Protein chains: 2
Amino acid sequence: MNVTGHTRRPASIRDVATAAGVSYQTVSRVINGHPSVRPSTRERVLAAIDELGFRRNATALALASGRSRAVTVLTANTTHYGYASILQGIEEAARAASYAVGIGVLESAEDAAVAAEVQRAADAGGGIIVIAYDPAGVRALGAVPAGLPVVGVVETPATPPGGDRPWVWADDREAAYQATRHLLSLGHATVHYVAIPSSTRRTSARTGGWRQALKEAGAPEPRPVQSSWGPAGGHAAGLKLAKDQSVTAILCGNDDLALGVLRALHESGRSVPGEVSVAGFDDAPHSAFLTPSLTTVRLDFTGLGRSAFALLHGVLEESAPVAPHPVSVPELVVRESSGPPPAGA
Amino acid sequence: MNVTGHTRRPASIRDVATAAGVSYQTVSRVINGHPSVRPSTRERVLAAIDELGFRRNATALALASGRSRAVTVLTANTTHYGYASILQGIEEAARAASYAVGIGVLESAEDAAVAAEVQRAADAGGGIIVIAYDPAGVRALGAVPAGLPVVGVVETPATPPGGDRPWVWADDREAAYQATRHLLSLGHATVHYVAIPSSTRRTSARTGGWRQALKEAGAPEPRPVQSSWGPAGGHAAGLKLAKDQSVTAILCGNDDLALGVLRALHESGRSVPGEVSVAGFDDAPHSAFLTPSLTTVRLDFTGLGRSAFALLHGVLEESAPVAPHPVSVPELVVRESSGPPPAGA
DNA sequence: CGCATGAATGTGACCGGTCACACAAGGCGC
DNA sequence: GCGCCTTGTGTGACCGGTCACATTCATGCG
């Protein structure tokens with residue numbers, strides 16, 4: 001090991017070559033595991049590498065070979081539970097594969113801003129993963145120039161794509177369906193829905209699953225309440241719904257929204273689950289500890305992130321066969337916030 | 001603009017040079033804003049750049065010049081509110097300065113694993129920001145080889161460092177002090193503390209602020225309850241404290257912990273704030289919407305992240321003067337979860 | 001025994017930029 | 001009219017790897 005205190009320029013393969021008495025190309029062969037290197041030579045080179053503390057320069061590798069072992073994740077948000085968990089999953093998988101992970105935040109959904117951010121991601125080299133749950137993400141996915149390796153993390157598509165499309169998704173349509181059926185099965189006449197901002201299409205996957213469950217049960221379909229991502233949005237929506245005495249069950253587009261709704265119901269003097277049942281979406285870490293604890297549907301966001309990376313990895317390197325990603329089954333988690341409707345209803 | 005559909009190799013400065021009828025060096029001068037280029041020449045080059053859709057190759061730039069306009073953030077976690085917010089702040093500032101942001105997660109605090117992750121960050125080139133609120137982070141900060149540009153985001157240091165040290169921190173010591181004084185001022189005999197895992201030192205900054213407030217008030221100092229980061233840890237700690245009828249005020253190391261404590265008190269039949277007051281730390285987005293809403297101390301994590309980047313930016317480029325980062329003042333947010341102790345106590 | 005074959009290694013060019021320096025043309029002072 | 005400085009531009013080497021090809025030497029086979 002290099003123990004000299006000087007912060008000298010790090011050793012290059014030519015330094016190693018000189019130290020080992022071979023050509024730089026032989027060093028290159030050794031670090032790349034090329035078979036036709038005499039064992040004794042390999043030994044000497046490895047010794048020199050160790051002695052000089054050589055590390056292969058990632059920048060030079062990227063420039064010379066074109067491959068860069070890097071992913072850039074484009075996302076509108078890094079703090080919300082779902083987004084953060086997907087990012088975590090990507091990072092895990094990327095680290096395991098020795099890939100570097102970069103992030104770019106889509107602060108605005110405006111076309112020019114999105115395009116600029118996509119450009120930056122493209123400049124970084126390597127692959128791109130776009131989290132396309134919102135308008136900014138959807139636009140970014142669309143703005144990625146053809147030919148670049150990219151994978152989208154999207155809502156459940158209306159019709160499953162050809163199987164080889166570079167997209168992954170959690171089955172949030174099914175999740176919404178399950179949650180709605182759960183509430184209906186408790187005896188509620190219908191279920192109201194507080195929606196997260198849709199990705200761009202008229203009907204988001206979550207809304208679709210909710211609607212389907214209502215339709216199958218012959219329940220009336222109330223207008224969904226459009227909201228934002230955070231608890232404040234849920235709070236506002238909750239205050240509105242609380243005024244309507246006929247509302248006995250509310251499904252929320254995510255757990256943060258549900259939190260706001262719970263608070264609004266509390267402030268309006270309506271008890272949960274006595275008078276109104278509430279269900280969330282995502283099973284965020286805090287949901288089990290709320291009072292009342294929140295009935296919700298768990299989605300495996302971390303696994304989704306891992307799948308996204310695996311798919312991209314397959315696109316970037318021929319090796320790993322691009323198995324169509326396993327859509328994990330959402331899991332209904334029944335807690336205190338849902339129960340039968342009040343007797344009078 | 002290049003409108004041909006072919007995914008051809010992107011244009012290099014030599015392509016632009018040929019198109020504009022100049023040498024590649026002149027193109028280099030134009031894209032770097034070098035003054036001595038005849039306006040008419042500059043014009044022609046810019047036209048060629050536009051026509052070919054030329055973008056400067058970041059990898060080649062990094063290799064040739066040594067500067068890489070990139071930051072890698074090393075952190076033990078990306079999903080907890082504080083960490084995620086710091087990351088968000090860093091990203092914002094980095095984006096504004098046209099820097100790429102990479103992340104590396106310290107999954108284990110084990111020395112070898114930490115060292116490997118630090119190596120990866122170093123390999124990426126550019127600067128490093130280490131979030132050192134926990135043992136893994138602290139070790140990573142220590143493992144960064146001398147000579148590399150690095151900034152640490154740390155707990156309030158016991159004695160403010162020389163002013164030019166590449167560290168930033170929020171005043172969490174003061175924040176804990178304020179929260180504790182608030183609870184004492186309501187009439188509580190003392191305040192119990194549920195601690196997040198300390199960074200490594202015996203006494204964390206938060207613990208120190210709490211202790212100081214107790215000491216100044218002449219209040220007895222109960223043993224802090226060591227816990228984890230998430231609500232589950234707070235729940236366990238809360239169940240223990242709930243059994244002790246003398247406990248009337250609890251300060252928690254963060255809002256997630258406080259959430260778990262609230263739940264534990266609820267399950268134990270102890271009312272908040274009637275019998276027990278609870279205060280959190282960080283003012284996470286959901287804290288205002290809990291029932292009861294959570295008294296907490298707000299820390300500007302996003303601003304902290306921005307400061308960290310600004311400091312690193314100053315280290316990497318001589319330009320921006322390295323103003324010592326402004327330690328923002330924590331803000332006590334009094335909500336429903338704190339009140340006077342029960343009459344009998 | 002001569003030659004094709006393959007293993008082990010070396011040489012030069014290249015990736016796309018930057019840097020140091022050379023060089024031509026024009027303006028100015030003397 | 002000469003030298004000198006400044007402005008504008010071009011040439012070659014270099015950053016640290018990879019790639020394509022050349023070279024050397026030992027081996028197998030007709």
Side-chain angles (χ1 to χ4, degrees), chain A residues 7-46 48-49 52-70 98 100 122-126 316-317, chain B residues 7-46 48-49 52-70 98 100 122-126 316-317:
Chain A
T7 305
R8 43 150 67 86
R9 171 151 41 62
S12 75
I13 56 168
R14 318 207 187 220
D15 299 328
V16 173
T18 316
V22 296
S23 79
Y24 53 82
Q25 178 62 342
T26 299
V27 177
S28 175
R29 290 198 179 92
V30 169
I31 61 186
N32 287 304
H34 189 98
S36 65
V37 174
R38 189 169 318 187
S40 63
T41 310
R42 182 189 315 277
E43 201 84 3
R44 255 187 308 146
V45 170
L46 289 175
I49 285 177
L52 298 178
F54 168 82
R55 303 211 93 218
R56 178 220 245 115
N57 180 318
T59 305
L61 173 61
L63 179 60
S65 69
R67 333 167 204 122
S68 65
R69 300 189 83 72
S98 298
D123 287 351
L316 291 173
E317 303 180 21
Chain B
T7 306
R8 44 151 66 87
R9 169 148 48 57
S12 75
I13 55 168
R14 316 204 189 222
D15 299 328
V16 173
T18 316
V22 297
S23 77
Y24 54 82
Q25 178 62 350
T26 299
V27 176
S28 175
R29 290 197 180 94
V30 169
I31 61 187
N32 288 303
H34 188 98
S36 64
V37 174
R38 190 171 316 185
S40 63
T41 309
R42 182 189 314 277
E43 201 84 3
R44 255 187 309 146
V45 171
L46 289 176
I49 286 178
L52 298 179
F54 167 82
R55 303 212 93 216
R56 179 221 243 113
N57 180 317
T59 305
L61 173 61
L63 179 60
S65 69
R67 331 170 204 120
S68 64
R69 299 190 81 72
S98 298
D123 287 350
L316 291 172
E317 303 179 22

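Residue numbers begin at 1 in each chain, while the letters A, B, ... track the order of the sequences. Quick caveat, the model's predicted, so the values are computed rather than measured.
Residues of residues 13-23 of chain A having a heavy atom closer than 4.0 Å to DNA chain D, listed by number: A/Ile13, A/Arg14.
When each of B/Ala64 and B/Arg44 is assigned the nucleotide of DNA chain D with its nearest heavy atom, B/Arg44 is the one assigned upstream, toward the 5' end.
A/Pro10 and A/Asp15 get closest at one heavy-atom pair: O-OD2, 4.2 Å. Across all non-hydrogen atoms, the minimal contact from A/Leu63 to B/Thr59 is N-CG2, 3.6 Å. Among all heavy-atom pairs drawn from B/Phe54 and B/Ser12, the shortest one is CE1-C, 3.7 Å. A/Ser23 and A/Ala17 get closest at one heavy-atom pair: C-CB, 3.6 Å. Closest non-hydrogen pair, B/Ser68 versus B/Ala62, comes out as CB-CB, 4.0 Å. Shortest non-hydrogen contact noted between A/Arg42 and A/Val37 is NH2-O, 3.4 Å.
In this model, the phosphate group of D/dG10 is approached by a side-chain N or O of B/Thr26 to a distance below 4.0 Å at OP1 or OP2. Proximity of B/Ser28 to the phosphate of C/dG17: no side-chain N or O atom is located under 4.0 Å from OP1 or OP2. Taking only side-chain nitrogens and oxygens, B/Arg42 never comes nearer than 4.0 Å to OP1 or OP2 of D/dT9.
Atom C1' of nucleotide D/dC14 and atom OH of A/Tyr24 are separated by 14 Å, given to the nearest angstrom. What separates CG of A/Asp123 from C1' of C/dG16 is a distance of 13 Å, to the nearest Å. At whole-Å resolution of the value, CG in B/Leu63 and P in C/dG17 are 12 Å apart. The CD atom of B/Gln25 sits 11 Å away from the P atom of C/dA20 (whole-angstrom rounding). Atom pair A/Arg29:CZ and D/dT18:C1' shows a separation of 11 Å (rounding to whole Å applied). When rounded to the nearest whole Å, the span between NE2 of A/His34 and C1' of C/dG10 equals 13 Å. Counting to the nearest Å, the C1' atom of C/dC14 and the CG atom of B/Asn57 are 14 Å from each other. We find that CG of B/Leu52 is positioned 12 Å from P of C/dG17, with the value rounded to whole Å.
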Protein N or O to nucleotides 4-8 of chain C N or O, pairs below 3.5 Å:
{"unit_1": "C/dA8", "atom_1": "O3'", "unit_2": "A/Arg38", "atom_2": "NH2", "d": "3.4"}

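A side chain to side chain contact (heavy atoms under 4.5 Å, CB included) with B/Val27 is found for exactly one of B/Leu46, B/Asn32, B/Val22, namely B/Val22.
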Can A/Ile49 and A/Val45 be said to form a side chain to side chain contact (heavy atoms under 4.5 Å, CB included), step by step? CA-CA 6 Å; A/Ile49 285 177; A/Val45 170; 4.0 Å; yes

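Between B/Val30 and B/Arg44, the closest side-chain pair of non-hydrogen atoms is not below 4.5 Å.
Looking at heavy-atom distances under 4.0 Å, A/Arg55 makes contact with sugar-phosphate atoms alone, never a base.
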